[in-house]
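Working notes for the structure below.
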Amino acid sequence: NGRMTFAYNQKVGVKAAIRGTVSDGAEWTNYEVSTDVFLNPGSGELTRYFGLVGRYASNSWYEFRIMYSPTGKLTGALARFNKGQYNVLQEINAAQLSACLESGEVLGTGVLYNVRMSLIDNTIKIYFNDHLLLIYTDDSSAALYRGTAGVRTISNSCVIDEFIVAKKD
């Protein structure tokens, strides 16, 4: 149990970022975080970002990021932010996201998706609509092993529901 704390971050160019993290989770190690997210296409030319955050501590975290344009094109990435350094660990294209959809579903904005990140030791598993999307093992010296969970948005008005964190042994 915990409370979500939201913070407005500095503007990134003309984009504004909001981050929400669970209070009292700084010492969490192995867990799974999931949420349902509705990606609102919005208007204008800006690309929007939704990120599911894991192991957030001391300005470092992992993020499964979904990037989407006002035209509805979606791509993704698993990234590590480490004290100001941003590293894309694995890119995810629209075809990979589409492969996680049920027959007849179309990838785009205006749809409710479930996203989940499992963080066990140095292995990260990403799920999109309950389908395993990727497995990444972070063997680098910059690997993160503890921290809270949350969400991060940039230039968007997405809707987040059913945010759940579950301990895993």
| query | So, do T35 and I164 sit near enough that their side-chain heavy atoms are less than 4.5 Å apart? | reply | no

| N/O donor-acceptor pair under 3.5 Å between Y62 side chain and L144 backbone | yes

| said: Suppose we screen for side chain to side chain donor-acceptor pair (under 3.5 Å). Which residues come up paired with E27, at least two apart in sequence or across chains? | reply: R146

| field | side chain to side chain donor-acceptor pair (under 3.5 Å) involving D161 - partner list, sequence neighbours excluded | value | none

| task | List for me each residue that meets side-chain contact (heavy atoms from CB on, under 4.5 Å) alongside A142, sequence neighbours excluded, and say none if there are none. | result | R80, N82, S140

| Remaining members of hydrophobic cluster (4.5 Å side-chain criterion), F38 | L112, V159

| field | Sequence neighbours excluded - salt bridge (Lys or Arg N to Asp or Glu O under 4.0 Å) pairs with any residue from residues 84-112 | value | none

| query | If you look only at pairs with a residue in residues 53-62, which of them pass as a salt bridge (Lys or Arg N to Asp or Glu O under 4.0 Å), with sequence neighbours excluded? | reply | none

| remark: Applying side chain to side chain donor-acceptor pair (under 3.5 Å) to D130 and not counting sequence neighbours gives R116

| field | Sidechain-backbone polar pair: Y31 side chain, T148 backbone, donor-acceptor under 3.5 Å | value | yes

| With K83, which residues qualify under side-chain contact (heavy atoms from CB on, under 4.5 Å), at least two apart? | S58, S60

| query | Is a donor on one side and an acceptor on the other found under 3.5 Å between the side chain of N87 and the backbone of L89? | reply | no

| said: Can you list everything that forms a side-chain contact (heavy atoms from CB on, under 4.5 Å) with S98? Sequence neighbours excluded, please. | reply: L107

| Smallest separation among heavy atoms of V53 and V151, with atom names | CG2-C, 4.0 Å

| Partners meeting side chain to side chain donor-acceptor pair (under 3.5 Å) with D36 (sequence neighbours left out) | N114

| message | Quick test of your reading: applying ring pair (Phe, Tyr, Trp, His ring centres under 6.0 Å), list the pairs with at least one residue in residues 124-145, sequence neighbours left out, ordered by first then second residue. | response | Y113-F128

| query | Tell me the ring pair (Phe, Tyr, Trp, His ring centres under 6.0 Å) pairs involving residues 70-99, sequence neighbours left out? | reply | W61-F81, F81-Y86

| Roughly how far, to the nearest 0.5 Å, is CE of M67 from OG1 of T75? | 3.5 Å

